[in-house]
Structures are given as C-alpha cells and as structure tokens.
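Data first, discussion second: the structure below is written as structure tokens.
Nothing here was measured: the structure is a model prediction, and the numbers come from that model.
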Amino acid sequence: MSSTKTKTNDSKGRKKEVKKETGLGLTYKKDENFGEWYSEVVVSGEMIEYYDISGCYILRPWTMAIWEVLQVFFDAEIKKMNIKNCYFPLFVTENVLQKEKDHIEGFAPEVAWVTKSGQSELEVPIAIRPTSETVMYPYYSKWIRGHRDLPLKLNQWCNVVRWEFSNPTPFIRSREFLWQEGHTAFATKQEADQEVLDILELYRRIYEEYLAIPVVKGKKSELEKFAGGLYTTSVEAFVPNTGRGVQGATSHCLGQNFAKMFQINFENEKGEKAMAWQNSWAYSTRTIGVMVMVHGDDKGLVLPPKVASVQVVVIPVPYKDADTQAIFDACSETVKSLNEAGFRAEADLRDNYSPGWKYSHWEMKGVPLRIEIGPKDIANKQVRVVRRDNGAKVDIPVVGLVEQVKDILSTIQESLFNAAKEKRDACIKVIRTWDEFLKALNDKNLILAPWCDEEEVEKDVKLKTKGELGAAKTLCTPFDQPELPEGTLCFASGKPAKKWTYWGRSY
C-alpha cells in the first residue's frame, strides 16, 4: 500500500521512514488537539485523501472495505424483512422538491442545484437529492392502488449531496456521502411503528456489534425530529474527547404527511379510500468517522476486528545471516492457513522497509493483530502475536495458531466495546438544576436531565448556551427511562418534568 508512496515521493517517504522508526507516527495527540489529530489519522491511516473541492473526500480501499462489511450485514438483514433494493435518479425537479414545504425547508440551505448544461442555462434548475422522499414518493402514489400493493418496502444504496458550509469534517460532515435509505409504506400505523423499531435495532447492532461503539436508542424531540415526519428515533453515540454527541443513524415514522402531499392512497379491504403510513430510515459513512474518533489513539487507527480490512498482518523479522527465504515462507504459510480458516490476513514481505517501520505503519492503519516471525520463532515452532488495542505480546505455538487467533480477535472486539462504554459512561452526568447543567456542559459531559418536554424551553436552552463551541440541545429521550420520582422539576424551566432526556453539544 505504501510502497508506491516511497517510489513517487522518495525524499518525503524516507523522511517519514526515519520518523516512524523513532516511533513518531503522528504529529498531534488525541487529548491535546483532537481536530488536527483526527484529520491526520484519517489521511495517514489511508482512509481518505483530501479532494480539491472542499467538503468532498476520496474514500480509499481501507475505508470502503469497512463500509462493505456493514453493507453485507445490513443488506442481508433487511432482505429477511422482505425489503427490496432499487435505485432512483440523483436529480429532482424544483416543483417536486418544493411540494413538501416543511420537509424541504429543513434542507433548503444545503441543496445543490444544476443550472447549466455545457454553456447553456437550463430553463428549469435541477436539484441534486439531499435525501429521496420527494424523488421517490410521486412513484409510490402510482404503484400503490389497493391494499394488496402494501406494504411497499424499498431501500437504495446510494450517495446524497448536502452542500454543508459549516466545518466540513471527513465522514462526520461532508458534502457528498454514501448511505442506504429505506422508504416503506404500510396500510396501518402499527406496522409502521413496528418497523421503525426493528430498523433501529439493526442500527444499534451496527454500532455495538460491529464498530464496538455503545449507543443510546431513543426518540428525538419535536425540534430535532426529521422535518416533515411524525416522529424520529435514533441511535446516539458520544465522543468523550470532544464531549459531543453524534446522531449515529435515524429511523423515522413519517406518518401520513407525505401520503397527503403525494396522494399515496389505496383502497382498503372494506373498499374505502385510505392513506398510506410511511417510514424512512438511513445510516451513512458517518459511522466510520465515529469509529475512528472513539477507538483511535496516538499511534493511529484502532480497528475492531469485525470490520477491519486486514485482521492479521504477518511480518518477517530476519536477523543478520538468517535464512530470509525460510522466514518469508513461514510468513506466507501462516497467512495461507489463516485465510483458509476465514480470517482476513496479509503478509508484509516488502524488503525496502525495516520490521520497525512496518510495525508503525500497520499500527497507524489500525490492524487488530500483528504476527512476527523471526529465526528463533521458526526454531521454536511458534510465532509472536501483538495486539493493537493494548500492545500485549504473547508467543503462540504454530500448531494451535488458528484457534488462538480466533479467541484473541474476539477478545479484542469485546474489550474495545467495553473500554468505549466505560469511557462514555464516565461522561454521563445526571443533573437536576440549571447550574449543574452548565457545569456538566462545560466539562464535556453527556447530560441526562429531567425535562418538561416543551419546545420553547429547548429553544431557550439553545439560546442561552450559544457560544464558540456551539449550543446545547436535546440528543434523544432514551427508551430505557430511569424512574422519574413524583414532583421532579424540569432543570431548565422549573415546571413538572415529564421525562429524562439526554442533552449536550453535538456534531
């Protein structure tokens, strides 16, 4: 992967080689300058390359491999739910886009428009989809006529464009990103409600089981819900280093709002005219950015084994006068047996880099497990195994290697999740008063507070906390509600509290 870099950019490559030999892979430290650290990690870890249009990024194979793992999991799960994949065009006309006023108002500043074809001005400008409700639903009204046409359950894997102007950040806020978007229509609200939760559970699994990131499942406030929808549920992650929440993925019940707008009507079993109930739901490449932020360290990326493009890298460690070929053969043999057992393993047999440089390089790329093989290891019929997450080293006999690797990778996956959960939980502050709220906010916490559930109160909190770091807002009301003792008052208004809600700053 990096060998081309050395050839095309020798002086720079050499400089970096020496630098990495002395263990100085990154210029910035995660705890000292998080923003610069993050930008450096995603580039040095070969996940992205910056592009010449601000807010747009090249996703390199190291990233796409992770996206594909998530895609394979999610695609298989939605197919079990009888949801089918389709593809709709990238472009949408202005009159269709403007049809759903509330919905499009939420996106208006971010919509990119095509106004020219070659040198000629288009008579009617064409928008590039920021999301696809208005692209798809005119056709739902055409395809849904009677109750037998329901449910209609479609998903597309595609890209969308949102012309962000505030702080583009790779993966987290970009002008174009990859995602899946599901759009479903049902005869009853009960069916729609059930699907919202089924999909949300899949999103939880993506974060917790694959990316090893703890999330909270909950409902968005009226102010923060999807514009034009009935209600929004989400999985919320948290980045302890910045004290910011991240909306990890959303599952919306759209109610009948869009059905009204786009005349998605059907004849029910009694022969009466009825309106469809609709959902939309999506997760994006933002998932990958959250993973980098949560697990990465001062040596670079730390990838959970379940999603890592390469789970095990095997590195030869030849000493002076050693039989290099025998060591290389042992490395290739190890990779072969691991690949045959279903692991994603590679050997780094490049002879223009020292073992030390290779260690740093693969640590930077976050490979979960490194296997080192030198002359002593061959003599002792063993290999040395080094974990990326905690640096633990252990010598393992070649005979039981496959089983041991399986156990170690599963331990790494689990301990990454546990460490992330411990860090996140340490940042959760339960507060009851405004002063406690401000202190917790300034200490970069995820705040759980009793709230009266009034929109004006939330707007007021946003206004009062507006500053350089951004205003505080509701993140979600968790489904898993702690007990709310009678007489508990809202931290912000002093009125009777109706629920516990998570608050904080967010990306």
- Item | Chi angles and distances behind the side-chain contact (heavy atoms from CB on, under 4.5 Å) call for Ser506, Leu475 | CA-CA 8 Å; Ser506 80; Leu475 301 171; 3.8 Å; yes

Can we say [X] and [Y] salt-bridge, meaning some charged N sits less than 4.0 Å from an Asp/Glu carboxylate O?
X	Y	value
Asp31	Lys29	no
Asp395	Arg384	yes
Lys225	Glu222	yes
Lys439	Glu436	no
Glu372	Lys393	no
Glu363	Arg370	yes

Nearest 0.5 Å, what's the [atom1]-[atom2] distance between [X] and [Y]?
X	Y	atom1	atom2	answer
His183	His252	NE2	NE2	9.0 Å
Cys476	Glu236	SG	CD	5.0 Å
Leu301	His295	CG	NE2	11.5 Å
Asp377	Cys331	CG	SG	9.5 Å
Leu223	Lys220	CG	NZ	10.5 Å
Leu446	Arg244	CG	CZ	13.5 Å

- Partner of Thr474 by side chain to side chain donor-acceptor pair (under 3.5 Å), out of Lys462, Glu458, Glu224: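 Going through the options one by one, the only one that passes is Glu458.
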
- Which residue, Gln180, Glu181, Glu195, forms the side chain to side chain donor-acceptor pair (under 3.5 Å) with Trp281?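 It is Glu195; the other options fail the test.
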
Charged tip of [X] within 45° of [Y] ring normal and under 6.0 Å:
X	Y	result
Arg205	Phe73	no
Lys219	Tyr231	yes
Lys473	Trp503	no
Lys217	Phe479	no

Is the closest side-chain heavy-atom distance between [X] and [Y] below 4.5 Å?
X	Y	result
Leu303	Val367	no
Phe88	Cys86	yes
Glu209	Arg204	yes
Trp113	Leu97	yes
Val290	Leu211	no
Ile373	Thr334	yes
Gln156	Met136	yes
Arg388	Leu369	no

Considering non-hydrogen atoms only, spot the tightest contact between [X] and [Y] and give its length.
X	Y	answer
Tyr207	Gly248	OH-O, 2.8 Å
Leu409	Pro368	CD2-CB, 4.0 Å
Tyr50	Pro170	OH-CG, 3.6 Å
Val386	Gly391	CG1-O, 4.0 Å
Ile371	Val385	CG1-CG2, 4.0 Å
Thr285	Phe171	O-CD2, 3.6 Å

Checking [X] side chain against [Y] main chain: does a donor-acceptor pair fall under 3.5 Å?
X	Y	answer
Thr287	Ser284	yes
Thr465	Ala472	yes
Lys30	Trp37	no
Asn445	Ala440	yes
Lys365	Ser360	no
Thr184	Lys153	no

Under 3.5 Å, is there a donor-acceptor pair between the [X] and [Y] side chains?
X	Y	value
Arg129	Asn159	yes
Glu133	Ser280	yes
Arg387	Ser415	yes
Gln247	Ser234	no
Glu40	Thr27	yes

More than 12 heavy atoms of other residues, nucleotides or ligands under 6.0 Å from [atom1] of [X]: yes or no?
X	atom1	result
Glu422	CD	no
Lys299	NZ	no
Lys429	NZ	yes
Asp407	CG	yes
Tyr319	OH	no

- Does the pair Val307 and Leu70 meet the rule for a side-chain contact (heavy atoms from CB on, under 4.5 Å), with working shown? CA-CA 7 Å; Val307 295; Leu70 301 182; 3.9 Å; yes

- Task: List the steps, then state whether side chain to side chain donor-acceptor pair (under 3.5 Å) holds for Tyr507 with Thr242.
- Result: CA-CA 10 Å; Tyr507 281 98; Thr242 59; 3.0 Å; yes

- Answer with yes or no after comparing the ring centroid distance for Tyr203 and Phe74 against a 6.0 Å cut-off, counting only values under it.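 Ring-ring flag for Tyr203/Phe74: true, centres closer than 6.0 Å.
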
- Is the Trp67 ring parallel, tilted or perpendicular to the Tyr283 ring (thresholds 30°, 60°)?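 Tilted: the ring planes of Trp67 and Tyr283 meet at 30° to 60°.
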
- Query: So Trp179 and Phe177, would you call those rings parallel, tilted or perpendicular, with 30° and 60° as cut-offs?
  - Reply: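 Because their plane-to-plane angle is over 60°, the rings of Trp179 and Phe177 count as perpendicular.
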
- Message: Does Trp500 form a side-chain contact (heavy atoms from CB on, under 4.5 Å) with Trp451? I'd like the steps, not just the answer.
- Response: CA-CA 6 Å; Trp500 288 97; Trp451 179 39; over 6 Å; no

- Query: For Asn167 and Arg173, what are the C-alpha separation, side-chain angles and deciding distance, and is it a side-chain contact (heavy atoms from CB on, under 4.5 Å)?
  - Reply: CA-CA 8 Å; Asn167 304 328; Arg173 281 203 176 280; 6.0 Å; no

